[in-house]
4 protein chains.
Amino acid sequence: FRRTRSLNAPSPIQQFGPCGRIMKNSAMVMTIQDPASQRLTWYKPPLTVLVIKKVRDAAVLQPFVQLVTWLIEEKRMVVFVEQAVLEEASLQASADFCTLRDRLMTFRDGKDDLTDKIDFIICLGGDGTLLYASQLFQQSVPPVMAFHLGSLGFLTPFEFDNFQEQVTNVLEGHAALTLRSRLRCMIMRKNDGNNVSVGVGKAALNSPIKPPSTFLVLNEVVIDRGPSPYLSNIDLFLDGKHITSVQGDGLIVSTPTGSTAYAVAAGASMIHPNVPAIMVTPICPHSLSFRPIVVPAGVELKISVSPDSRNTSWVSFDGRNRQELFHGDSLRVTTSVYPVPSICAQDQISDWFDSLAECLHWNVRKRQKHLD
Amino acid sequence: FRRTRSLNAPSPIQQFGPCGRIMKNSAMVMTIQDPASQRLTWYKPPLTVLVIKKVRDAAVLQPFVQLVTWLIEEKRMVVFVEQAVLEEASLQASADFCTLRDRLMTFRDGKDDLTDKIDFIICLGGDGTLLYASQLFQQSVPPVMAFHLGSLGFLTPFEFDNFQEQVTNVLEGHAALTLRSRLRCMIMRKNDGNNVSVGVGKAALNSPIKPPSTFLVLNEVVIDRGPSPYLSNIDLFLDGKHITSVQGDGLIVSTPTGSTAYAVAAGASMIHPNVPAIMVTPICPHSLSFRPIVVPAGVELKISVSPDSRNTSWVSFDGRNRQELFHGDSLRVTTSVYPVPSICAQDQISDWFDSLAECLHWNVRKRQKHLD
Amino acid sequence: FRRTRSLNAPSPIQQFGPCGRIMKNSAMVMTIQDPASQRLTWYKPPLTVLVIKKVRDAAVLQPFVQLVTWLIEEKRMVVFVEQAVLEEASLQASADFCTLRDRLMTFRDGKDDLTDKIDFIICLGGDGTLLYASQLFQQSVPPVMAFHLGSLGFLTPFEFDNFQEQVTNVLEGHAALTLRSRLRCMIMRKNDGNNVSVGVGKAALNSPIKPPSTFLVLNEVVIDRGPSPYLSNIDLFLDGKHITSVQGDGLIVSTPTGSTAYAVAAGASMIHPNVPAIMVTPICPHSLSFRPIVVPAGVELKISVSPDSRNTSWVSFDGRNRQELFHGDSLRVTTSVYPVPSICAQDQISDWFDSLAECLHWNVRKRQKHLD
Amino acid sequence: FRRTRSLNAPSPIQQFGPCGRIMKNSAMVMTIQDPASQRLTWYKPPLTVLVIKKVRDAAVLQPFVQLVTWLIEEKRMVVFVEQAVLEEASLQASADFCTLRDRLMTFRDGKDDLTDKIDFIICLGGDGTLLYASQLFQQSVPPVMAFHLGSLGFLTPFEFDNFQEQVTNVLEGHAALTLRSRLRCMIMRKNDGNNVSVGVGKAALNSPIKPPSTFLVLNEVVIDRGPSPYLSNIDLFLDGKHITSVQGDGLIVSTPTGSTAYAVAAGASMIHPNVPAIMVTPICPHSLSFRPIVVPAGVELKISVSPDSRNTSWVSFDGRNRQELFHGDSLRVTTSVYPVPSICAQDQISDWFDSLAECLHWNVRKRQKHLD
């Protein structure tokens, strides 16, 4: 019984009838492992752990102190936290935390480089913490274990109750792993010398530090009309071909992970994170027939303001770094080679369907009563 | 500049931070060629060609005779047609055809085996011809070149005008190839001895030839309530786990190819055929939150009538072989290893977007006029 | 402060600028009372009450016996039940019921005429009971009070707990009233003599009793493709004008009451029953742009099989009386002058929104957590 | 044969069974004429005509000059135009227009009062001109005749070709009339003394002229999150009762006329302008089950920022007068008694369906070909 694999081509078979073949193209051959079978292992034992906590949420404080204490004292790990966390008033008021404080390593977001310093990431508190972790690591991302403290999130599958047992389990390498693809987004400015990419608009030209020219998003990049009362007119290209023009509130380009975020609110179908795809969803399109589409991961999308559009557009990346897209500028989007390795609480399938039910009430309903 | 590929895992990179790795599982490793680069080649020159024409459409007659004559006389190919075609009254009335008649090879659908006899398939006339070709070849399918005669279809990208040039081109091996995945569907009957699969319901028990137990579909398998006035109650399992129950008119399990057929009418997003996925779309679900979902190709879906459902369900495969699904029966669906190799007129991307515009009027609209 | 009324024309004002007027047309003038203010009153005290109970539901038995006993003994009312109810095995097994039995009036559905015999209707058990009541009274309908026994229904707003107090209250005339409009549907047969309407297809021509030629529906009339695997092609006319053709699984013409039934599953918006409108919703239309529409109550819709359609259609009325619609036949639909006067548990607005939340989980969701 | 009317209550019948009645409430009784029969007449011959032309559209210039010349010279009418029109450079360059100039009456938008000065309005050029006309007349609106110059609009049904004949026809009183309901919107400010309504936010407090406190909209009032990256949390009340809370990009409250504007892009069904209703449509709601709803005209909606919302909202009226809605403020919306009397080119039904097809491509599609 031959069976296809979850992430591969429709078929590993290369022969069609007695004579037909796929033309060999060795540059395009790759060896991959079926993602459905992906599990985490450690090349060497993880020593450094970055703990990210939800900001301004009192409910996270106690678990945070508990977790960090345990990681340092029981697991003898080196714990990193963001500098700003130490300055939170509510934490400073915690007696338990004061003794802990000096044993923490800190970094400043946007100033210190974490590349190759972090072996493992633990998130506490909400989907936003994972988006933040994604944004900290613009290249390779260490494995992430994410706890929800209130109700289950799409990106935070673990319950905190018996965290010791669960973290120990993961540190020993027993866990399914979902590689959540990210989108690499580059803004090409018209007026920018040789049309190289820069990350921000006019406002930033005088800023001393050159901002990043590229953004990796875990959920989506959104192009909208911003504060303009008029519809956006946006041109969409795919691998260099003009595909369509968008007239409406805007356009969402999302990962499968992001398909259950803003895209689903705009009418998209929901895509399991193991599907190698990019979702393109219009926001309130003027055309009744503008249904969302799903294209293969790895294509390159180009988005620009239509030449005859009366106004510009605005771009934001996972809800951040909002900036204007002017006539002549373009946004390039493709799948990044650096996914976020997100550790499953159960497995890739169960985690996803559990969060569909919990977060979106997917098909939760009253049953039609059965007759006797 | 490293780039991901259109059909592979989110990333070919297997390392996450300094310590994290994907655990090696050699049984799950595969070597594939990026489908975006797939082109047709011929291992040896194709000699036999099966020509499938739309039935009962007068507009197809003349092109059919033209094409077959040319294939035999110019290309010296052996042409197969279905026996029933020779019996069409309108063809028998054609003088051109009568001289041709004896030079054709014929087969009878459901009786003669075409395996390994056909090198190449040409379809004339509509998406239905490709569905028919798919159904003829339940295992390996020879490359298919499909002409539309009226307007462009999703599965029939070629125009007939200069067919000689275009067929010659393809026979020389110059063509992009879309491998359209199919779904392998098996019905497991409760009452059927050792629960082995059989292909049809009670009605067929007396038929002399045991019908096929497995159906390959190119578009979709549909489970609906049939003539019952009551809602269907259907249980859906994925890789053995109960995922949800469907209360409504039914459920569509479709390939990416089928996402633009019945599924789109039921509200699904549209998926490019290169995306390795299966789409699950409810038909008029009783629950407002039952949005369609996209799961990875290669999972196994199991569908059965809910034990407490007051009525049974009906199943059909690409609109054919309709049969009842009783309490205790189940339908298993997964991606087949035998896709349909569909030859592109332009390329995989352009062909798809052209047919979205032409067949579904996708985002075709009046533009908001620009102010001077 | 002048205010418009909930069901009237956009404005009671008939003058537009210094000179413009609405042309007087006394035949079209009517005097109505704003439905938002409609309350039930009794011209004389109601004496006869029809009790309709859900069939084959054990949970309804005890309440049914309780209610009927109380109506007879305490309220001295004459209670009608359907003959078939008395024959239910489970009721006959009830000792309480046996003493009651002889004091009940009975009628046989389809044989006895209830016109002018019933002052008041009580339904026990589910939305189906109200659909049944609607069908019993094809002209004027007595006021209906409907109890749900499990969870709240769209048409069954009352809880049974303190039924004595609630029924007493209604009998004293204290209750808001929702007039639920119905649709009057007539099938005109092509082959039928002078093209007068008859209620059933060919199959019934030999039946001794002429079936009713007109159906009143409370939820919807559905035209679909029946068992045919091909799409329906249906022509839709409004006040004699061809409006559009439907290609898809079918078409739903529903009342505002029915907008939350099948229509909502097919994608319609939900309409409060006080809005004088008819909703037209396609079922899985082939066209992406075929959005549901809402037209004024009182228009006349005509629906027929398109002359070039390859197959016929099927019609059903509130899920009953399913019959084939042949080429040349037509279905006429308009708002009936006989609504169902449905007694509110609270008021017209609260009852509706409560059932949206309870039955459809309308906008029930997890709130985004507030930051401290 | 008794028939209901298009805009009235579900039934003119007030009796239900032998005893049930609608309780008389003379304060709530009204006499109206069925809107389906509404035709324009003139109390006295119209003398003054306001001509509104689309701004900055060169294609409108020539028709504008033609029309105005004809109205003055042939029809001897007094023509009003906005002062700003006379100052358009392109008009000043027109020789024809210069001789006309002194014979025009002008007014300044926002300064001069047009009440009782205008008998008739002609719009030239696009749906925006009718929105503008609506905004000029915050109380009674003279009859409006609207010409499209490019393609048919929802609000501009007349073709310009033989305008002389058509205008003459209307001036003689031969025309069907659609009364397009408007919504009366009031903003109640928390900090504003005795909580009386004012029309604008903080920014305007120092402005010398008190802006209007009330806005009449012909399409819709939109409440959205403005530039905030966070979801809006908006509470919705109906006749004083809390109905639901909106979490998403925002909320659209629209007239039937507006149902084919922004609301349809956000997923609403389309409502014929003769239906007395208000449509409530969420914009990209976080909840999958938040379907649009249609409530009776004449209810009062109240919308406010949820007390626990982290950010404020923004309101705009037919796309204008955008302003912030703060915590504690509220927006009241109900149907106005002053509709826009919009003159039909054909009739109320044909005009609407023609614009659905032309503007929204409603159900325009490729037909499935019929078999011979």
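Order of the sequence lines fixes the chain letters, A, B, ..., with proteins taken first and strands second; residue numbering starts at 1 for each chain. These values consider heavy atoms only, across backbone and side chains, with no hydrogens, waters or symmetry-generated copies. No experiment lies behind these values; they were computed from the predicted model shown.
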Heavy atoms only, distances under 4.5 angstrom: which of B:R39, B:H272, B:K24, B:M270 has the most pairs with chain A? Name it, please. B:M270
Given a strict heavy-atom distance threshold of 4.5 Å, which part of A:Q348 is in contact with chain B: side chain, backbone, both, or neither? neither
Closest-packed option against chain B by number of heavy-atom pairs under 4.5 Å, given A:I349, A:L47, A:V264: A:V264
So how far is it from B:F16 CZ to A:F120 CZ, rounded to the nearest 0.5 Å? 14.5 Å
Is the shortest side-chain heavy-atom distance between B:I293 and A:W352 below 4.5 Å? yes
Sub-4.5 Å heavy-atom contacts with chain B: which residues of residues 171-178 of chain A show up? A:G173, A:L177
Segment of B:L356 engaging chain A (4.5 angstrom heavy-atom cut-off): side chain
So which of A:I121, A:L288, A:T255, A:D119 has the largest heavy-atom pair count under 4.5 angstrom toward chain B? A:D119
Could you look at A:P45 and say if it's the side chain, the backbone, both or neither that has a heavy atom under 4.5 Å from chain B? backbone
Test of understanding: with ring-ring contact (aromatic ring centres under 6.0 Å, His included), list the residues that count as partners of A:Y43, not counting sequence neighbours. none
B:S269 side chain vs A:A268 backbone, donor-acceptor pair below 3.5 Å: no
Among residues at least two apart in sequence or on other chains, which ones pass side-chain hydrogen bond (donor to acceptor under 3.5 Å, both in side chains) with B:N311? B:S228
Contacts of B:L114 meeting side-chain contact (heavy atoms from CB on, under 4.5 Å) (sequence neighbours excluded), chain-then-number -> B:L50, B:F80, B:F107, B:I118, B:L136, B:F137
Does B:Q139 have more than 12 heavy atoms from other residues, nucleotides or ligands lying within 6.0 Å of its CD? no
Please give me the minimum heavy-atom distance between A:P276 and B:V275, naming the atom from each residue. O-CG1, 4.3 Å
Pick one of side chain, backbone, both or neither for A:P292, based on which atoms fall under 4.5 Å of a heavy atom in chain B. both
CG of A:D116 to SG of B:C19: how many Å apart, nearest 0.5 Å? 10.0 Å
Region of A:K44 in contact with chain B, defined by heavy-atom distances below 4.5 Å: both
Is A:I278 close to chain B through its backbone or its side chain, or both, or neither, when contacts mean heavy atoms under 4.5 Å? neither
Pick from A:S259, A:P256, A:P142: which one has the most heavy-atom pairs with chain B under 4.5 Å? A:P142
Check the pair B:L179 / A:I22 against side chain to side chain contact (heavy atoms under 4.5 Å, CB included), numbers first and verdict last. CA-CA 10 Å; B:L179 298 191; A:I22 295 279; 4.2 Å; yes
Output the distance between atom OH (A:Y338) and atom CD (B:Q15), rounded to the nearest 0.5 Å. 10.5 Å
Distance from B:W362 atom CH2 to A:T244 atom OG1, nearest 0.5 Å? 4.5 Å
Under 4.5 Å heavy-atom distance to chain B, tell me which part of A:V295 shows up: side chain, backbone, both or neither. both
Looking only at heavy atoms, which two atoms of A:G20 and B:P143 are closest? And how far apart? CA-CG, 4.0 Å
Nearest-0.5 Å distance, NZ of residue A:K241 to CG of residue B:D354: 9.5 Å
